[in-house]
Amino acid sequence: MTEKNILAWFKKQKWKPHVFQMETWKAMLAGYSGLINAPTGSGKTYSAWFGILLEYLQKYPDQKKTKPGLQAIWITPIRALAKEIEYSTSRSCTDLGISFSVAIRSGDTTAGQKAKQKKQMPELLITTPESLHLLLAQKGYPDIFKNLSTVVVDEWHELIGSKRGVQMELALSRLKGLNPDLKIWGISATIGNLEEAKDVLLGKYESPTKMIRAKIVKNVQIETIFPDVIENFPWSGFIGTQLLPKVIPIIHKSQSVLIFTNTRSQAEIWYQQLLETEPDLAGLIALHHGSLDQNTRTWVEDNLHDGKLKAVICTSSLDLGVDFSAVDTVIQVGSPKGVARFMQRAGRSGHSPGALSKIYFVPTNSLEIIEGAAMREAIKQNVIESRVPFIRSFDVLVQYLVTLAVSDGFEPDVIYKEIIRTHCFATVTKDEFLWCLQFITNGGNSLQAYDEFYKVEIEDGIYKVLSRGVAMRHRLSMGTIVGDSALQVKFLSGKRLGSIEESFISKLNIGDVFWFSGKNLEIIKVHHMEVVVKKSTLKNGKIPSWQGGRMPLSSQLSAMIRYKIDNYLANKVNDDPELNKLKGLFELQAKRSHLPTSKEFLIEYVQTKEGYHVFMYPFEGRFVHEGMAAIVARKISEIQPITFSIAMNDYGFELLSDQEINIEEALSLDLFNIKNLEAEIQMSVNATEMSKRRFREIASIAGLVFQGYPNKAMKTRHLQANSQLFFSVFEKYDAENLLLKQAYDEVLDFQLEIERMRMAYDRINQQSIILKRPIKPTPFAFPIMVDRTRSSYTNENIQDRLLKMKAQFEKDS
DNA sequence: GACCTGCTGCGGACTG
């Protein structure tokens, strides 16, 4: 059995291996580590898989007699993908007559299967980052990995920008420590920082590395769905069902459609309205998002795979995963927020190499139409976002150290040398590492009085967990994904439908009806984190919303939007029907105020019956705007005592006050000349409050708070309260706590996007400021104003209201 | 006059 046989097999399959695949095999056989960059549907799995197989055949030509144990590990970020990899790898073994066993190890793996694996590991183990760490927490784990020669990390672009990526780096550092010859291969879709992605994955070792790029062009065609009359299209809003009548014919003429929405509630709304307008589609369309029960989701995936569904309305839950070859059309509803995401979604259709991926873009408000043109330009210019890797994530490090202590225990010196070879922990000093050791042995400076934090003990210099209880709890809470605890929705029969948030259900009573999982449901009772429901015959129910993550518009896409406005102003509208369509709106913006070129920075000052508004439009995504708005507000309040309420969206922000604002004077202060951005932020933003919220995740990953046993989730407010308690204790007694510092750093890096803010300030300082005083709010301003009124029940506004009431009271008396 | 925001991912095994 040689390479020849494999090539012959390919021939039999009528499949000619691509150059990049052969390149990969060669590099793997020559002992390289590396990163493969290939689009989905190009055969990237086989590129790495046959490398593994060929090496195995070379090492053990007589494979039928030898049982060398675990040869390779294949990491996938989601379980659904594991099944697909298992299918294609084991099928090719059967076809080729090679004795090479393949098995999955994930949360789905039964105890029996695990026991079997323990006796005899397969040659290829397909697993997740979390399950790999669980293996590292087993007694005698080095034995499992002793013959391991290759680790493949699939979809590395998905992991690199998250703490799961950090977890991966740590596991690899250990495996590399056990076996210095270990080869590591990543597979990644195109991202802006591929070279960095490779370096982060492979760590700092001497071994030779290679980047392999499949030069396969993915043709993406974007078609924006327009309203007939732009004048009737709303200026704000994010649901977009106005255009539903135009989406229906697309569904009918397609074989199978994926409709991506940005939020779970939006998916529910679209599903509901689609059924209402087109009852014939009942049974042919389905819903898929992260809060639906796993069984429902699997059913949808299977039927989509088999081509039995005409359309599925989904969220990012179907961004990744199984190959849905039946899908020939993709629709994106609302802003795609970023180029990479949009490309990923577009790629879910037209799966064969070289095939055209067509994606329809359905804008949900007028201004958003421009994003269709911006996206087309980004793809033309090949502009794509980077995924920034985490650094110095001490929460993950602390968890990892306990993991190793749960197994056979570890020697600190050995592990320190390994972790500083990772990208994430390269700058960790000996002292910082000692801090981590202390933290896991006695809780650090402030928790020494509580023995529950004496998790790890030292025996002959080896750090070990001796308590079975600590070990069990640790195994249960491994991983870096901290979910929001939610209530389970169930029928009386016990059938699960999915989960919704406490805050939503608390607004309803027994007997009320809500729409969820594509059904109208009546509440029978709520107890023990469960909502028991029955089907309702009522037509209308409230639709739940979930407090998920908020994704800002990417800076690449923002830049393209500014560029497209320039194009419009320069009359270069030929390639983009979007710009033609926006003519009326842009003319109104120019008439009432001004349409800024990319060399201009527009500020609008408007008086309405609500008060005095200042609008600014950096077009830099809502996170940056949040920070900028706070800084501008503070600077203005230095010249006149004034309070503002602040609102923002992805295009700009608003400061509103009931007092007149001396905007000229404020501008003369050089509002945007920032010398020390970090200091400005500290003075303007309530960083402590933001960090406190951020700390919940860190406390959970670091094992400070226990999330509860499976299926017995703790209430969100308990978790929140516990982590806040630790936060306050550390603030008071342990200011040097590395986890505390990490919370502050994460707020600056991810919540306020400080680097991006810095670039935005640099740009604004190059621009000329255009101040306009429109009589009425402009098309740019309107969506931001609406955003503010919508959130009028936040604490901040209650405070405002109280103040107003107080003022009123003073006036009356 | 325009309004139904807020994603995804994972998950015990030891001892008798």
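Throughout, a chain's letter reflects where its sequence line sits, starting with A, and its residues are numbered from 1.
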Have a look at A/K114 and say if it touches a base, only the backbone sugar-phosphate, or nothing, with a 4.0 Å heavy-atom cut-off.
sugar-phosphate
Tell me what A/H289 touches on the nucleic acid: a base, only sugar-phosphate, or nothing, going by heavy atoms under 4.0 Å.
sugar-phosphate
Are side-chain heavy atoms of A/R105 and A/I126 found at a separation under 4.5 Å?
no
Considering residues at least two apart in sequence or located in another chain, which fulfil the side-chain contact (heavy atoms from CB on, under 4.5 Å) criterion with A/V300?
A/A286, A/H288, A/L309, A/V312
Atom-to-atom span, CG of A/L292 to C1' of B/dG9 - whole angstrom
16 Å
Side chain of A/T315, base of B/dC7: donor and acceptor closer than 3.5 Å?
no
Rounded distance in Å - CG (A/N649) to C1' (B/dT5):
12 Å
Rounded to the nearest Å, what distance is computed from the CG atom of residue A/L136 to the P atom of nucleotide B/dC10?
19 Å
For B/dG12, decide between syn and anti, treating a glycosidic angle within 90° of 0 as syn.
syn
The nucleotide from B/dC7, B/dA2, B/dC4 with an atom nearest the side chain of A/F782 is B/dA2
Within the pair A/T128 and B/dG9, is there a side-chain N or O less than 4.0 Å away from OP1 or OP2?
no
Candidates A/Y400, A/Y141, A/Y463 - the one meeting ring pair (Phe, Tyr, Trp, His ring centres under 6.0 Å) with A/F410:
A/Y463
Phosphate-side-chain proximity, A/R264 and B/dC7, N/O vs OP1/OP2 below 4.0 Å:
yes
May I ask you to decide if the ring planes of A/Y271 and A/W515 are parallel, tilted or perpendicular, using 30° and 60° as cut-offs?
tilted
Find out whether A/I75 and A/P129 are in side-chain contact, i.e. whether some heavy atom of one side chain is under 4.5 Å from a heavy atom of the other.
yes
Relative to the ring of A/F516, is the ring of A/F514 parallel (under 30°), tilted (30 to 60°) or perpendicular (over 60°)?
tilted
What does A/S131 touch in the nucleic acid at a heavy-atom separation under 4.0 angstrom: a base, only the sugar-phosphate, or nothing?
sugar-phosphate
In terms of side-chain heavy atoms of A/Q273, which of B/dC4, B/dC10, B/dG11 is nearest?
B/dC4
When we call it a touch if two heavy atoms are under 4.0 Å apart, what does A/Q344 touch: a base, just sugar-phosphate, or nothing?
nothing
Counting the atoms with a prime plus P, OP1 and OP2 as sugar-phosphate, which does A/R345 contact under 4.0 Å by heavy atoms, base, sugar-phosphate, or nothing?
nothing
Comparing nearest nucleotides in DNA chain B, the 5'-proximal residue of the pair A/D319, A/K139 is A/D319
Counting any heavy atom closer than 4.0 Å, what does A/L320 reach on the DNA or RNA strands: base, sugar-phosphate only, or nothing?
nothing
Out of B/dG6, B/dG9, B/dG12, which has the shortest distance to the side chain of A/R297?
B/dG9
Mind checking if A/I543 touches a base, just sugar-phosphate, or nothing, with heavy atoms under 4.0 Å?
nothing
Protein-nucleotide distance (A/L243, atom CG; B/dC4, atom P), rounded to Å:
13 Å
Give A/G479 one of three labels, base, sugar-phosphate or nothing, depending on what nucleic acid heavy atoms sit under 4.0 Å from its own.
nothing
Judged by each residue's nearest nucleotide on DNA chain B, which is more toward the 5′ side, A/G549 or A/R468?
A/G549
With heavy atoms under 4.0 Å as the rule, sort A/E158 into base, sugar-phosphate or nothing.
nothing
Can you tell me if the side-chain N/O atoms of A/R622 get under 4.0 Å from OP1 or OP2 in B/dT5?
no
Base, sugar-phosphate, or nothing: which does A/S317 touch, judged by heavy atoms less than 4.0 Å apart?
sugar-phosphate
Within this structure, what is the CE-to-P distance between A/M551 and B/dG9, rounded to whole angstrom?
13 Å
Are A/K118 and B/dC14 close enough that a side-chain N or O sits under 4.0 Å from OP1 or OP2?
yes
Under 4.0 Å between any heavy atoms, over every strand shown, what does A/S106 touch: base, sugar-phosphate, or nothing? Just pick one.
sugar-phosphate
Below 4.0 Å: OP1/OP2 of B/dC4 and any side-chain N or O of A/T241:
no
Return no unless some side-chain N or O of A/R475 is found under 4.0 Å from OP1 or OP2 of B/dG11.
no
What is the distance, rounded to the nearest whole Å, between atom CD of A/Q266 and atom C1' of B/dG6?
9 Å
Rounding to a whole Å, what distance do you find between A/E130:CD and B/dT8:C1'?
12 Å
Is A/S545 close enough to B/dG6 that one of its side-chain N or O atoms is under 4.0 Å from OP1 or OP2 there?
yes
Separation of B/dG9 C1' from A/E697 CD (nearest whole Å)
12 Å
Would you kindly say whether A/E268 and A/S265 are connected by a side-chain donor-acceptor distance under 3.5 Å?
no
Among B/dT8, B/dG6, B/dG9, find the nucleotide with the atom closest to the side chain of A/K337.
B/dG6
Strictly under 6.0 Å, is that where the ring centroids of A/F260 and A/F342 end up?
no
For B/dT8, does OP1 or OP2 lie under 4.0 Å from any side-chain N or O of A/R164?
no
